[in-house]
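Nothing fancy with the numbering, it's 1 onward along the sequence.
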Amino acid sequence: MELSEIRAKIDAVDDQLLDLFLERMELSEAVAAYKNEHKLPILNRTREREILAKVTEKAGDKERYAYHLYSTLFELARSRQAELISAPTKVAQRVKAALASNSEVFPQTGMVACQGVEGANSQVACDRLLPRGNIVYVKSFGAVVSAVESGLCKFGVLPIENSSNGSVRAVYQLLQEHDLSVVRSTRLCIRHELLALPGTRLEDITEIYSHEQAIGQCSKFLGGLKDVKVVPCGNTAAAAKLVAESGNPHAAAISSHPCAALYGLECVNGSIQDSDNNYTRFICVTKDPVIYAGANKISLIIALDNKPGALYEVLSKLAALDIDMTKLESCPVAGSDFEFVFFLELEASVKDPSVLAMLEEMERSCAQFHFLGGYAEV
């Protein structure tokens with residue numbers, strides 16, 4: 001048989017498949033109407049298992065492919081049913097409240113909590129996110145959260161990940177423990193320099209101060225030094241301030257170029273970071289959920305039942321709607337043995353009804369589900 005003949009037969013089969021698929025989806029809509037009327041859950045795992053067992057038995061040596069085909073069909077049907085089911089969910093209520101805030105444009109002003117001191121990267125992120133914001137400096141990430149929760153500040157800015165040194169786990173832990181809403185994010189290109197008192201040479205330095213993330217981002221440079229003590233501190237700007245105020249000619253700080261002028265220091269070495277492609281991502285959080293205009297990213301925290309295929313079920317929901325997942329990271333649950341939650345970031349808008357329906361279905365099927373927010377990155 002010629003290739004053209006084979007393709008013609010495939011086209012004919014595809015036409016039949018499409019007609020049958022559309023008929024199946026219409027029947028799924030009828031099932032959704034029945035479930036809606038009788039208050040039944042969307043997921044019927046027993047029936048799905050029965051169908052999969054029958055299909056794989058009939059498929060012979062192609063059972064693996066038949067299994068995945070029908071699993072995808074089930075996911076598509078559930079996604080469509082989720083759009084039609086009117087059972088209330090927390091995520092729908094949260095999104096509705098966030099959209100009802102009538103906050104179309106992200107503000108340029110407001111009280112914003114920031115960990116560190118003047119010159120910190122978090123301060124630069126604050127200025128980018130709220131150009132005319134009134135910054136309140138606090139000592140820790142936890143204090144940022146407290147300032148937002150107490151109402152002292154409307155906004156809080158926190159670093160969440162670095163392209164060279166990974167996620168800021170302390171911030172992820174805070175997001176697990178506190179009910180905050182992510183309303184904006186931004187990325188900063190980070191440049192680290194070794195700063196010291198004027199006249200200090202590299203060979204004079206016996207101790208270096210900086211934030212642990214910056215220390216990790218300069219590990220190659222630090223690994224090449226001998227008899228130098230590396231001391232973690234609150235942040236890079238605080239390290240520069242500490243060195244300046246100490247008057248110690250043997251101390252140095254890993255900090256930014258603006259901090260040199262800000263605290264009267266000199267650059268001893270301006271090329272100390274492991275990678276020139278070094279970015280830190282910051283999020284802006286609020287106490288109450290708000291979704292501003294242009295929001296096209298979604299962040300979630302989920303926990304899954306400990307069973308085979310649990311994560312695949314979640315990912316298949318995204319694939320069914322062609323949603324791009326830009327981050328998936330597991331984090332241990334504090335105080336538990338071998339239990340994890342997952343942080344997900346999606347390129348999608350909650351204003352899309354199919355996306356909101358998908359989130360509702362995820363909430364119904366996940367052991368834990370926390371909608372962190374819908375937002376834009378600047």
### Task
Indicate yes or no: at least one non-hydrogen side-chain atom of Phe21 is less than 4.5 angstrom from one of Leu73.
yes

## Note on the structure
Taken to the nearest 0.5 Å, the spacing of Ile160 CD1 from Arg187 CZ works out to 10.5 Å

### Query
Nearest 0.5 Å, what's the OH-SG distance between Tyr209 and Cys233?
8.5 Å

### Query
Can you check whether Ile42's main-chain N or O pairs, donor with acceptor, with Lys35's side chain at less than 3.5 Å?
yes

### Query
Counting only heavy atoms not in Arg49, do more than 12 sit closer than 6.0 Å to its CZ atom?
no

### Query
So do the side chains of Phe282 and Ser122 get within less than 4.5 Å of each other, counting heavy atoms only?
yes

### Query
Parallel, tilted or perpendicular: which fits the ring planes of Phe141 and His211, with parallel below 30° and perpendicular above 60°?
tilted

### Message
Once rounded to the nearest 0.5 Å, what's the spacing between atom SG of Cys259 and atom CG of Asn121?
### Response
8.0 Å

### Task
Determine yes or no for a side-chain-to-main-chain donor-acceptor pair under 3.5 angstrom, with Thr286 supplying the side chain and Asp288 the backbone.
yes

### Query
Are Ser163 and Asn277 linked by a side-chain donor-acceptor pair shorter than 3.5 Å?
no

### Task
Apply salt bridge (charged side-chain N to carboxylate O under 4.0 Å, His left out) to Arg364 and Glu361, showing your working.
CA-CA 5 Å; Arg364 295 185 187 105; Glu361 178 58 15; 3.5 Å; yes

### Query
Do Ile254 and Phe221 pass the side chain to side chain contact (heavy atoms under 4.5 Å, CB included) test, and can you show the C-alpha distance, the side-chain angles, and the key distance before you say yes or no?
CA-CA 11 Å; Ile254 296 175; Phe221 169 78; 5.7 Å; no

### Query
Is it true that Arg94 and Glu363 have a side-chain N and a carboxylate O under 4.0 angstrom from each other?
no

### Task
Establish, from distance only, whether the side-chain atoms of Tyr375 and Glu377 form a donor-acceptor pair under 3.5 Å.
no

### Message
Can you confirm whether Ile298 sits close enough to Val355 that some side-chain heavy atom of one is under 4.5 Å from a side-chain heavy atom of the other?
### Response
yes

### Message
With a 4.5 Å cut-off on side-chain heavy-atom distances among I, L, V, M, F, W and Y, is there a chain of contacts connecting Leu346 to Leu99?
### Response
yes

### Message
Between Arg78 and Glu313 (salt bridge meaning N to carboxylate O under 4.0 Å), is one present in this structure?
### Response
no

### Query
CG/Asp274 to NE2/His192 distance, rounded to the nearest 0.5 angstrom?
9.0 Å

### Task
Check the side chains of Asp127 and Gln123 for a donor-acceptor pair under 3.5 angstrom, ignoring hydrogens and angles.
yes

#### Entry: Glu29, Glu75, Glu26 screened by salt bridge (Lys or Arg N to Asp or Glu O under 4.0 Å) with Arg80, the one that passes
Glu29

### Query
Where do Val183 and Val285 land on the side chain to side chain contact (heavy atoms under 4.5 Å, CB included) test, with the steps shown first?
CA-CA 6 Å; Val183 295; Val285 297; over 6 Å; no

### Among Gln217, Arg281, Gln213, side chain to side chain donor-acceptor pair (under 3.5 Å) partner for Asn162
Gln217

### Query
From Cys114 SG over to Leu130 CG, what is the distance, rounded to the nearest 0.5 angstrom?
11.5 Å

### Task
Enter the distance from Gln115:CD to Leu158:CG here, rounded to the nearest 0.5 Å.
9.0 Å

## Note on the structure
Correct closest heavy-atom pair for Gly156 and Val148 would be N-CG2, 3.5 Å

### Ile215 with Leu202, same ILVMFWY side-chain cluster at under 4.5 Å
yes

### Side chain Ser246, main chain Val243, donor-acceptor under 3.5 Å
yes

### Query
Taking a hydrophobic cluster as the set of Ile, Leu, Val, Met, Phe, Trp and Tyr residues connected by side-chain heavy atoms closer than 4.5 Å, whether directly or through intermediates, do Phe74 and Leu84 fall within one such cluster?
no

### Task
Evaluate the side-chain proximity of Arg64 to His68: yes if any heavy-atom separation is below 4.5 Å, no if none is.
yes

### Message
If you define the side chain from C-beta out and look only at heavy atoms, does anything of Ile283 sit under 4.5 Å from Leu175?
### Response
yes

### Query
Crowded around His178 NE2? As in, over 12 foreign heavy atoms under 6.0 Å?
yes

### Query
Are any non-hydrogen side-chain atoms of Leu300 and Phe371 less than 4.5 angstrom apart?
yes

### Task
Evaluate whether atom CD of Gln108 has more than 12 neighbouring non-hydrogen atoms of other residues, nucleotides or ligands under 6.0 angstrom away.
yes

### Message
Is there a side-chain contact between Leu344 and Val314 in this structure, where contact means two heavy atoms from C-beta onward sitting under 4.5 Å apart?
### Response
yes

### Task
Group every Ile, Leu, Val, Met, Phe, Trp and Tyr by side-chain heavy-atom contacts under 4.5 Å, then state whether Leu315 and Tyr67 land in the same group.
no

### Task
Measure across Thr109 and Phe155 and return the closest heavy-atom pair with its distance rounded to 0.1 Å.
O-CE1, 3.9 Å

### Query
With a 4.5 Å heavy-atom cut-off, do Leu194 and Cys267 have their side chains touching?
no

### Query
Is Lys54 salt-bridged to Glu57, cutoff N-O under 4.0 Å?
no

### Message
Gln81 vs Asn36, test: side chain to side chain contact (heavy atoms under 4.5 Å, CB included). Steps then yes/no.
### Response
CA-CA 9 Å; Gln81 288 180 26; Asn36 211 18; over 6 Å; no

### Query
Would you find more than 12 non-hydrogen atoms of other residues, nucleotides or ligands less than 6.0 Å from Glu347 atom CD?
yes

### Lys317 versus Ser365, closest heavy-atom pair with distance
CE-OG, 3.6 Å

### Message
Surrounding CG of Asp14 (heavy atoms of other residues, nucleotides or ligands, distance under 6.0 Å), is the total greater than 12?
### Response
yes

### Message
Taking Ser349's backbone N and O only, do any of them form a donor-acceptor pair with Asp352's side chain (distance below 3.5 Å, no angle check)?
### Response
no

### Task
Decide if atom OH of Tyr70 counts as having more than 12 heavy atoms of other residues, nucleotides or ligands within a radius under 6.0 Å.
no

## Note on the structure
For Asn235 and Ala120 the tightest heavy-atom approach is OD1-CB, 4.0 Å

### Message
When you measure from the side chain of Lys287 to the backbone of Glu149, do you find a donor-acceptor pair of N or O atoms at a distance under 3.5 Å?
### Response
yes

### Query
With the 4.5 Å side-chain cut-off for hydrophobic clustering, are Ile272 and Val228 part of the same group?
yes

### Smallest separation among heavy atoms of Pro249 and Thr200, with atom names
O-CG2, 3.2 Å

### Message
I'd like to know whether Tyr263 forms a side chain to side chain contact (heavy atoms under 4.5 Å, CB included) with Val117, so could you lay out the CA-CA distance, the side-chain angles of the two residues, the decisive distance to 0.1 Å, and finally the verdict.
### Response
CA-CA 11 Å; Tyr263 294 110; Val117 295; 3.5 Å; yes

### Query
For Tyr312, does the OH atom have more than 12 heavy-atom neighbours from other residues, nucleotides or ligands under 6.0 Å away?
yes

### Task
For residues Ala240 and Ser255, report the shortest heavy-atom separation together with the two atoms involved.
CB-OG, 3.7 Å

